[in-house]
Amino acid sequence: MNFERGMLVRSKAGHDKDACFVILEECKEYLYLSDGEGRNMERPKRKNKKHVQIIHKRMENPERMTDEAIRYFIRHQVE
């Protein structure tokens with residue numbers, strides 16, 4: 001699976017199961033995720049790659065991500 005910055009993913013395991021996040025960074029077997037609220041860009045969630053499901057939607061401009069842009073993207077893509 002290709003994980004890219006700005007992709008939308010859904011958690012498949014853990015206390016945050018079914019929550020949506022945006023990928024900030026990929027490191028070996030882990031992803032660093034943000035939802036723009038509880039897990040903002042300064043405190044990303046580290047999650048194992050096998051515990052997320054890719055939703056084939058991606059932010060248009062992932063280089064210019066902000067917490068507000070992430071919240072807006074998740075809110076309008078998940079509906």
Side-chain angles (χ1 to χ4, degrees):
M1 269 189 246
N2 285 340
F3 294 98
E4 298 176 22
R5 180 177 170 89
M7 287 182 109
L8 188 63
V9 295
R10 183 180 310 273
S11 174
K12 296 190 310 185
H15 71 277
D16 58 1
K17 185 176 179 179
D18 295 327
C20 289
F21 296 95
V22 172
I23 298 174
L24 298 180
E25 188 179 344
E26 175 184 9
C27 292
K28 297 183 183 177
E29 73 264 8
Y30 293 104
L31 297 172
Y32 289 89
L33 310 171
S34 173
D35 64 1
E37 294 180 50
R39 286 302 185 161
N40 54 27
M41 292 182 69
E42 290 79 37
R43 292 180 350 117
K45 169 127 183 101
R46 186 178 86 160
K47 193 124 180 113
N48 195 309
K49 289 179 183 179
K50 61 185 173 183
H51 294 158
V52 299
Q53 175 184 9
I54 294 177
I55 299 173
H56 292 284
K57 296 180 182 172
R58 190 169 186 258
M59 292 183 78
E60 287 184 22
N61 201 349
E63 301 83 36
R64 297 175 50 185
M65 262 194 272
T66 63
D67 289 327
E68 184 177 313
I70 291 170
R71 283 192 304 268
Y72 181 86
F73 179 68
I74 291 172
R75 208 173 293 133
H76 290 88
Q77 295 299 319
V78 175
E79 299 172 348

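What you are looking at is a predicted structure, and each value in this text was computed from that prediction instead of being measured. Atom set for the values below is all heavy atoms of this structure, side chains included, hydrogens, waters and symmetry mates excluded.
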Engineer: Are there more than 12 heavy atoms of other residues, nucleotides or ligands under 6.0 Å from atom CD of Glu37?
Structural biologist: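 For Glu37, atom CD is crowded (more than 12 foreign heavy atoms under 6.0 Å).
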Engineer: Just so I know, are the side chains of Gln77 and Ile55 near enough to count as touching, which here means a heavy-atom distance under 4.5 Å?
Structural biologist: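 With C-beta onward as the side chain, the pair stays apart.
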Engineer: Does a side-chain heavy-atom distance below 4.5 Å link Glu4 with Ile23?
Structural biologist: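 Result no, sub-4.5 Å side-chain heavy-atom pair not found.
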Engineer: Please round to the nearest 0.5 Å and tell me the distance separating atom CD of Glu42 and atom CG of Asn40.
Structural biologist: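 Answer for the CD-CG pair, Glu42 versus Asn40, is 4.5 Å.
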Engineer: Indicate, with yes or no, if Tyr32 and Leu8 share a hydrophobic cluster defined by side-chain heavy-atom contacts under 4.5 Å among Ile, Leu, Val, Met, Phe, Trp and Tyr.
Structural biologist: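 As far as the 4.5 Å side-chain criterion goes, Tyr32 and Leu8 are not connected within one cluster.
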Engineer: Counting distance only, does the side-chain N/O of Arg58 pair as donor-acceptor with the main-chain N or O of Met7 below 3.5 Å?
Structural biologist: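 No; zero donor-acceptor contacts below 3.5 Å.
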Engineer: Please check: side-chain N/O of Arg5 versus main-chain N/O of Leu24, any donor-acceptor pairing under 3.5 Å?
Structural biologist: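 Yes.
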Engineer: Could you tell me which non-hydrogen atom of Ile74 sits nearest to which non-hydrogen atom of Ser34, and how far apart they are?
Structural biologist: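 Distance-wise, the nearest heavy atoms are CD1-O, 4.2 Å.
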Engineer: In terms of hydrophobic clusters joined by side-chain contacts under 4.5 Å, are Val22 and Met41 together?
Structural biologist: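 Result: yes, single cluster for both.
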Engineer: Quick one: does Glu25's side chain get under 4.5 Å of Pro44's, heavy atoms only?
Structural biologist: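 They are not in side-chain contact.
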Engineer: When you measure from the side chain of Lys45 to the backbone N and O of Leu31, does any donor-acceptor pair fall under 3.5 Å?
Structural biologist: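 Not confirmed, Lys45 side chain does not pair with Leu31 backbone.
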Engineer: Would one find more than 12 heavy atoms of other residues, nucleotides or ligands at under 6.0 Å from atom CD of Glu29?
Structural biologist: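 It does: Glu29 CD has more than 12 such atoms within range.
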Engineer: What's the spacing between Glu63 CD and Asn61 CG if we round to 0.5 Å?
Structural biologist: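 One finds 5.0 Å between CD of Glu63 and CG of Asn61.
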Engineer: I'd like to check Lys57 versus Phe73 (side-chain heavy atoms, cut-off strictly below 4.5 Å). Are they in contact?
Structural biologist: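 Of all side-chain heavy-atom pairs linking Phe73 with Lys57, at least one is under 4.5 Å.
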Engineer: What are the two closest heavy atoms between Ser11 and Ala13, and how far apart are they?
Structural biologist: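 Minimum heavy-atom contact is OG-O, 3.0 Å.
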Engineer: Are any of the side-chain heavy atoms of Val52 and Phe3 separated by less than 4.5 Å?
Structural biologist: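 They are in side-chain contact.
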Engineer: Any salt bridge linking Arg39 with Asp16? Criterion: basic side-chain nitrogen under 4.0 Å from a carboxylate oxygen.
Structural biologist: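 Salt bridge flag = no for Asp16 with Arg39.
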Engineer: Minimum heavy-atom separation for Gly6 and Pro62, please, with both atom names.
Structural biologist: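 Looks like CA-CB, 3.9 Å.
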